[in-house]
Amino acid sequence: MIQGFKDFLFRGNIVDLAVAVVIGTAFAALVKSFTDSFVSPLIGLIGGGGPTGMSWIVDDQIFTFGAFITAIITFVLTAAVVYFVIMVPLKALQARRAAGEEPEPEDVPEDIALLREIRDSLKAR
């Protein structure tokens, strides 16, 4: 039972997914920093009132729709990079595989082939 769980965890998909989550988290922080440092001040300047612009106050409650616009821009930037950096090359690779144009695997190095021969001859004994 433990071996089956171990095989499940170390199957390629789970490890790839874990790497993707870590990279995605780091990338999201990068995009958030970019929007906080550059996009938010621009939105504030466009809306007037400096970096805290694009908001209104009603009965001492502050409605900051500029922060919402910044979140939308962050989402769109993140989605665009994921699409163009991950999805487009993946689709191209899948199309090449479907067309049979995937590059052939490299030849096995001579030392590996020799070791395999030795292994096979020892098994035959």
Side-chain angles (χ1 to χ4, degrees):
M1 187 159 109
I2 300 238
Q3 182 62 35
F5 181 68
K6 195 175 185 182
D7 292 342
F8 170 74
L9 285 179
F10 290 108
R11 200 170 44 178
N13 296 344
I14 300 295
V15 174
D16 292 343
L17 181 61
V19 169
V21 167
V22 170
I23 290 174
T25 302
F27 180 72
L30 178 70
V31 171
K32 181 169 179 5
S33 174
F34 173 76
T35 54
D36 289 347
S37 299
F38 297 104
V39 177
S40 292
L42 287 175
I43 291 173
L45 291 174
I46 290 170
T52 59
M54 297 194 84
S55 62
W56 69 85
I57 300 174
V58 177
D59 292 332
D60 295 328
Q61 299 298 317
I62 301 173
F63 295 89
T64 56
F65 60 93
F68 181 69
I69 293 172
T70 301
I72 290 173
I73 292 172
T74 301
F75 173 77
V76 169
L77 286 175
T78 304
V81 169
V82 166
Y83 180 76
F84 289 113
V85 172
I86 296 173
M87 295 306 296
V88 170
L90 184 62
K91 285 183 181 181
L93 178 64
Q94 288 174 343
R96 283 195 325 218
R97 281 185 179 171
E101 299 173 4
E102 183 179 345
E104 292 296 321
E106 294 181 16
D107 291 335
V108 177
E110 188 176 330
D111 57 342
I112 300 296
L114 181 61
L115 288 171
R116 286 181 182 168
E117 269 184 53
I118 293 170
R119 179 197 62 199
D120 293 341
S121 69
L122 288 173
K123 277 185 182 178
R125 289 185 184 184

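Just so you know, residue 1 is the first one in the sequence shown, and it goes up from there.
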> Sequence neighbours excluded, which residues qualify as ring pair (Phe, Tyr, Trp, His ring centres under 6.0 Å) partners of F34?
Replying inline: F38
> How about L30 and F27: do any of their side-chain heavy atoms sit closer than 4.5 Å?
Replying inline: yes
> Looking at residues at least two apart in the chain, or sitting in another chain, which of them share a side chain to side chain contact (heavy atoms under 4.5 Å, CB included) with V22?
Replying inline: none
>> Run the side chain to side chain contact (heavy atoms under 4.5 Å, CB included) test against Y83 and tell me which residues pass, sequence neighbours left out.
In response: M87, V88, K91
> Under 3.5 Å, side chain of S33 to main-chain N/O of A29, donor-acceptor pair present?
Replying inline: no
> At what distance, to the nearest 0.5 angstrom, does CD1 of I112 lie from CD of E117?
Replying inline: 12.5 Å
> Roughly how far, to the nearest 0.5 Å, is OG of S37 from NZ of K32?
Replying inline: 9.5 Å
